There are 2 protein chains.
Amino acid sequence: MSALYEPVEVEFVGPARAIPATRAPFTLIARNGATTLTVPGFWDGGRRYLARFLPETPGEWTWSTTSDATELSGRSGAVRVNGVRGSGPVRVASGFHFAHADGTPHRPVATTAYNWLHQRDAEMRATVEDIARAGFNRLRFMVFPQAGGYVTSVPDLMPFEQDEHGAWDVSRPVPAFFRRLDRAVEMLGDHGIQADILILNAYDNGRFGLAELSEEDDAAYARYLVARLSAYPNVWWSMCNEYDILDRPRERWDRLGQLVADVDPHDHLRSIHNLTELFDHNRPWITHASIQNGHATTDFGRAVLYRDVYRKPIVLDEIKYEGDIALRWGHLTAEELVDQFWIATVSGCYASHGESFERPDGSLHMVAGGRLQGRSPARLGFLRCILDGIDGPGLDPVDKWDDPEFVAGMPRHQYLRYFGRSAPAQWRFRLPQATASGDRLEPGDAFEVDIIDTWHMTVTPVGRRFVLDDVQRNEAFATAAEPVALPAGEAIALRIMRTAGGTEAGSR
Amino acid sequence: MSALYEPVEVEFVGPARAIPATRAPFTLIARNGATTLTVPGFWDGGRRYLARFLPETPGEWTWSTTSDATELSGRSGAVRVNGVRGSGPVRVASGFHFAHADGTPHRPVATTAYNWLHQRDAEMRATVEDIARAGFNRLRFMVFPQAGGYVTSVPDLMPFEQDEHGAWDVSRPVPAFFRRLDRAVEMLGDHGIQADILILNAYDNGRFGLAELSEEDDAAYARYLVARLSAYPNVWWSMCNEYDILDRPRERWDRLGQLVADVDPHDHLRSIHNLTELFDHNRPWITHASIQNGHATTDFGRAVLYRDVYRKPIVLDEIKYEGDIALRWGHLTAEELVDQFWIATVSGCYASHGESFERPDGSLHMVAGGRLQGRSPARLGFLRCILDGIDGPGLDPVDKWDDPEFVAGMPRHQYLRYFGRSAPAQWRFRLPQATASGDRLEPGDAFEVDIIDTWHMTVTPVGRRFVLDDVQRNEAFATAAEPVALPAGEAIALRIMRTAGGTEAGSR
């Protein structure tokens with residue numbers, strides 16, 4: 001018995017002499033109705049071999065195995081999937097947004113603790129509880145340990161055994177290391193947090209030697225990782241953070257990404273993140289563009305351009321951090337970071353948080369996790385509430401060609417307008433027309449407006465109806481309505497919802 | 001005898017029964033040293049067949065022909081190339097910029113007259129003389145006639161004969177039409193203007209039926225066009241203006257672009273231009289991204305993002321027009337349009353001009369050409385002078401990750417800083433550090449500064465040296481220097497040139 005969106009694990013006893021982890025020891029084919037999953041098995045220490053898969057359809061699942069090893073071949077069984085656990089994996093929805101397998105929208109508000117996996121268990125747990133409380137729903141972290149600035153912990157466990165020369169032997173993964181990773185991903189899932197797993201990292205700096213594996217070794221490791229973790233519903237794959245720090249041809253990254261796409265039976269989200277040189281996010285294996293650029297969200301009208309280019313969800317991972325260190329990426333005020341999230345939102349994009357206040361031990365939250373100190377997390381939790389309240393797939397720029405007010409929304413239904421960090425004293429009702437032909441505003445369309453104070457975290461209905469009486473080619477106005485008084489100088493947004501009107505009554 | 005960069009034309013008498021123009025009637029192979037050109041021949045009416053090629057290396061060129069038609073096969077000859085005429089075709093240089101074949105940089109400052117080819121000869125010539133006088137060096141125009149708004153002329157000549165049902169027969173091009181096109185391209189070249197040829201257009205609106213040719217017919221026409229025009233040094237190919245207005249799969253445009261790349265012996269620049277949906281400018285046949293977006297150059301920090309994405313020259317073709325029509329793309333003030341050009345410039349991009357004052361006959365300059373009325377052309381000619389004075393391949397954002405002042409230039413050599421339409425009263429000397437490791441500013445580096453008034457078209461040296469005395473990780477200052485007084489409220493740029501200093505004396 002298992003539930004929908006709950007991993008099914010099947011265990012086997014394999015040959016006495018362990019099969020090298022450079023290839024899948026066996027393959028499990030799982031079937032339910034028209035669905036067939038090709039699931040790579042993996043070695044879990046001693047003679048223990050596992051296969052894991054995630055049922056996304058209910059009913060009877062049957063499975064059978066093939067292998068070169070007789071112990072692992074020709075085995076079969078069945079499992080009944082009944083009930084539901086959670087909403088399933090997150091995938092791309094409506095072009096620029098995300099939704100779980102069951103259709104529930106996912107509005108990513110992520111945070112970052114790169115070296116989280118390499119902290120003590122109690123610290124890992126405390127970090128997760130704290131970020132979940134704040135309202136984050138995705139954590140960006142690395143499998144391999146980090147070296148360099150602000151790293152104060154050295155892990156006990158490493159992912160692979162070493163050969164007689166001290167070189168990493170990827171054919172012998174360390175089961176205890178990967179079981180710990182399993183538990184980490186589960187822990188995140190239990191707290192409603194997506195695990196954005198950075199498969200490789202650019203911060204080894206020669207310390208552990210894990211950035212100098214051969215392409216073949218990287219591939220063996222990636223296969224093992226996918227076999228091991230793909231059945232967890234909350235997995236996202238990122239090939240690397242700041243991939244362009246490493247001196248590798250792009251084609252190598254491309255082959256790694258394509259490999260992950262090919263072997264992952266559950267088709268989890270896949271990305272690759274840059275420092276200064278963008279990857280080509282048009283590559284077919286990339287599901288969403290994970291982009292770093294220091295100025296893309298510090299003002300309106302910028303990040304939105306990436307949408308046109310990639311026609312995929314845009315996630316600004318690393319928009320600098322709230323903190324107090326001297327480096328320019330590490331001393332945003334909370335107000336600045338929150339402002340950038342709202343700009344990303346009305347740009348039809350998503351962003352990630354990180355915190356870089358120097359801790360007493362010399363580390364940073366964005367490295368090791370711990371307790372959040374900043375003032376942005378509460379405001380980002382509030383933003384997530386606003387996003388979760390959106391009735392539709394997500395916010396898109398309504399007139400992306402040229403809207404001086406940068407209104408986002410779903411045309412003729414719901415809109416969000418953000419004034420930046422200093423709102424004017426009043427606002428006259430105006431909406432842009434959609435550039436697409438459908439969903440055009442019409443005279444008589446009526447709207448309600450809520451005033452959102454993005455810093456003080458309040459939502460105040462204006463309490464009046466605004467009826468369009470001047471509808472032009474590119475914009476529409478309610479000229480008869482009194483202007484809306486705003487808290488001048490505050491970081492204010494407006495939520496504008498259609499109530500009725502025009503040729504068609506009611507909201508859709 | 002011919003000169004370098006001067007087209008060589010070879011004429012043949014072909015069979016009495018014309019060879020259909022749906023295929024190349026013969027191929028001419030031209031050789032000079034290690035260079036071999038495969039040149040498609042073309043029919044020019046009656047029994048006249050031509051092949052044209054452009055020598056880009058001096059000395060003896062030999063040629064020979066192959067054909068299914070005996071009259072056109074096995075012919076051979078030679079031509080001596082001596083002396084030089086002009087600078088040769090423009091191609092991509094230094095990643096984001098352009099240069100002629102002889103290495104002379106080309107700084108594109110284009111204008112637009114879509115239906116120029118379909119005006120009377122005297123009007124065509126007057127248009128060219130006027131835009132050349134203003135300082136434009138590229139004209140965007142269409143081969144097929146335009147229909148729809150603001151089009152007041154109907155052409156006498158059409159490109160193809162019609163069959164008995166009135167359908168266009170691309171196997172029978174009209175020689176007089178294409179000879180006129182030859183002369184048009186020559187006329188532009190004689191005035192130092194690149195011919196940005198829009199092969200197809202989206203403004204036929206069913207009037208002429210030239211937007212409804214089959215893909216096969218489009219291909220035959222494109223082959224004929226390339227065979228005919230490729231030898232002219234000033235040719236640029238654009239597959240279409242606002243391609244996304246036409247209801248065609250992207251793959252069809254992709255095949256057309258690849259075809260042009262395959263058959264063009266001279267590898268001219270190739271692009272495709274959008275209305276709202278960008279093409280994938282990462283496609284290998286595309287040499288530079290020709291982009292329309294209404295807000296990409298109305299503020300800093302936007303268009304620059306396209307550079308990261310495409311790693312090719314970015315040309316903002318259509319940034320709205322200086323004019324007085326009601327549509328929002330057609331009533332920029334000259335000040336607004338000039339401002340956008342300067343923003344494009346410091347974004348490391350290029351832009352195109354167009355004029356849309358309604359003429360007495362109901363047409364617009366951007367449609368039919370004629371005499372420029374606006375106040376922007378003189379300022380754009382001045383900008384071109386500034387660009388032509390740059391000592392290096394072109395201006396690149398110096399710290400593209402996050403420079404709040406958006407300084408462009410060549411690190412530690414020459415810089416351009418633009419303040420937008422309203423300069424402050426003074427400026428304290430500051431430069432960003434390059435993100436790349438080389439060319440870092442050092443204490444003692446000395447600079448001179450010119451104040452450029454982009455509207456009044458003056459260049460005023462400050463007349464003092466600025467010596468760096470505070471060099472930080474991401475920026476550098478001359479703190480001991482008095483601030484530079486600026487004409488507050490004017491549209492001012494600064495040109496900052498290194499004179500000497502640091503570990504290395506002199507400018508590079």
Side-chain angles (χ1 to χ4, degrees), chain A residues 95 242 244 250 274-284 289 291-311 314 316 318-320 326-329 332 340 343 347 349 397 399-406 432-437 472-475, chain B residues 95 242 244 250 274-284 289 291-311 314 316 318-320 326-329 332 340 343 347 349 397 399-406 432-437 472-475:
Chain A
E242 300 188 332
D244 47 326
R250 288 190 172 213
N274 68 287
L275 170 55
T276 55
E277 300 310 318
L278 292 190
F279 204 81
D280 177 7
H281 299 294
N282 279 315
R283 301 297 300 155
I291 292 177
Q292 174 173 195
N293 177 299
H295 78 275
T297 48
T298 52
D299 206 346
F300 294 89
R302 295 175 184 173
V304 61
L305 299 179
Y306 291 130
R307 286 175 43 116
D308 285 353
V309 167
Y310 296 123
R311 304 194 294 173
I314 306 297
L316 284 310
E318 290 202 54
I319 53 173
K320 305 179 192 164
L327 292 162
R328 65 172 167 171
W329 49 261
L332 289 185
Q340 285 196 59
I343 288 174
S347 303
C349 302
D399 173 10
K400 73 186 176 70
W401 193 80
D402 189 22
D403 176 9
E405 299 191 354
F406 299 101
Q433 280 283 20
T435 34
S437 49
Q472 302 180 10
R473 182 186 172 95
N474 300 120
E475 48 194 349
Chain B
E242 301 187 330
D244 48 327
R250 287 190 175 214
N274 68 288
L275 170 55
T276 55
E277 300 309 318
L278 292 190
F279 204 82
D280 177 8
H281 299 295
N282 280 314
R283 301 296 299 156
I291 292 177
Q292 173 171 196
N293 177 300
H295 79 276
T297 48
T298 52
D299 206 345
F300 294 89
R302 296 176 184 173
V304 63
L305 299 179
Y306 291 130
R307 287 176 41 116
D308 285 352
V309 167
Y310 296 122
R311 304 193 296 171
I314 307 297
L316 284 310
E318 289 202 54
I319 53 172
K320 308 179 192 163
L327 291 162
R328 64 171 167 171
W329 51 260
L332 290 186
Q340 286 195 59
I343 288 174
S347 302
C349 302
D399 173 10
K400 73 186 177 70
W401 193 81
D402 189 23
D403 176 9
E405 299 193 350
F406 299 100
Q433 280 283 20
T435 35
S437 48
Q472 302 180 11
R473 183 186 171 94
N474 299 121
E475 49 195 347

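If you're wondering where the values come from, they're calculated on a predicted model, not measured in any experiment.
Between B:D403 and A:H295 there is no side-chain heavy-atom pair separated by less than 4.5 Å. Side-chain atoms of B:R473 and A:L327, non-hydrogen and from C-beta on, do get closer than 4.5 Å to each other. Residues B:Y310 and A:V309 meet the side-chain proximity criterion, which asks for heavy atoms closer than 4.5 Å.
Interface remark: B:A303 contributes backbone atoms only to the contact with chain A (heavy atom separation under 4.5 Å). Both the backbone and the side chain of A:D308 come within less than 4.5 Å of a heavy atom of chain B. With a threshold of 4.5 angstrom between heavy atoms, A:F279 does not approach chain B through any atom at all. At a 4.5 Å heavy-atom cutoff, the contact between B:K400 and chain A is made by backbone and side-chain atoms alike. For A:D399, the part sitting under 4.5 Å from any heavy atom of chain B is the side chain, from C-beta outward, and nothing else. For a residue to count as touching a neighbouring chain, one of its non-hydrogen atoms must lie under 4.5 Å from one of that chain's; by this rule B:N474 touches chain A with the side chain only. Heavy-atom distances place no part of B:I291 under 4.5 Å from chain A, backbone and side chain included. Both the backbone and the side chain of A:N293 come within less than 4.5 Å of a heavy atom of chain B.
Atom CG of B:N282 and atom CG of A:D280 lie 4.0 Å apart (nearest 0.5 Å). How far CZ of B:R328 is from CD of A:E475: 8.5 Å, rounded to the nearest 0.5 Å.
Of the listed residues A:R302, A:E277, A:Q292, A:H281, the one with more heavy-atom pairs under 4.5 angstrom with chain B than any other is A:R302.
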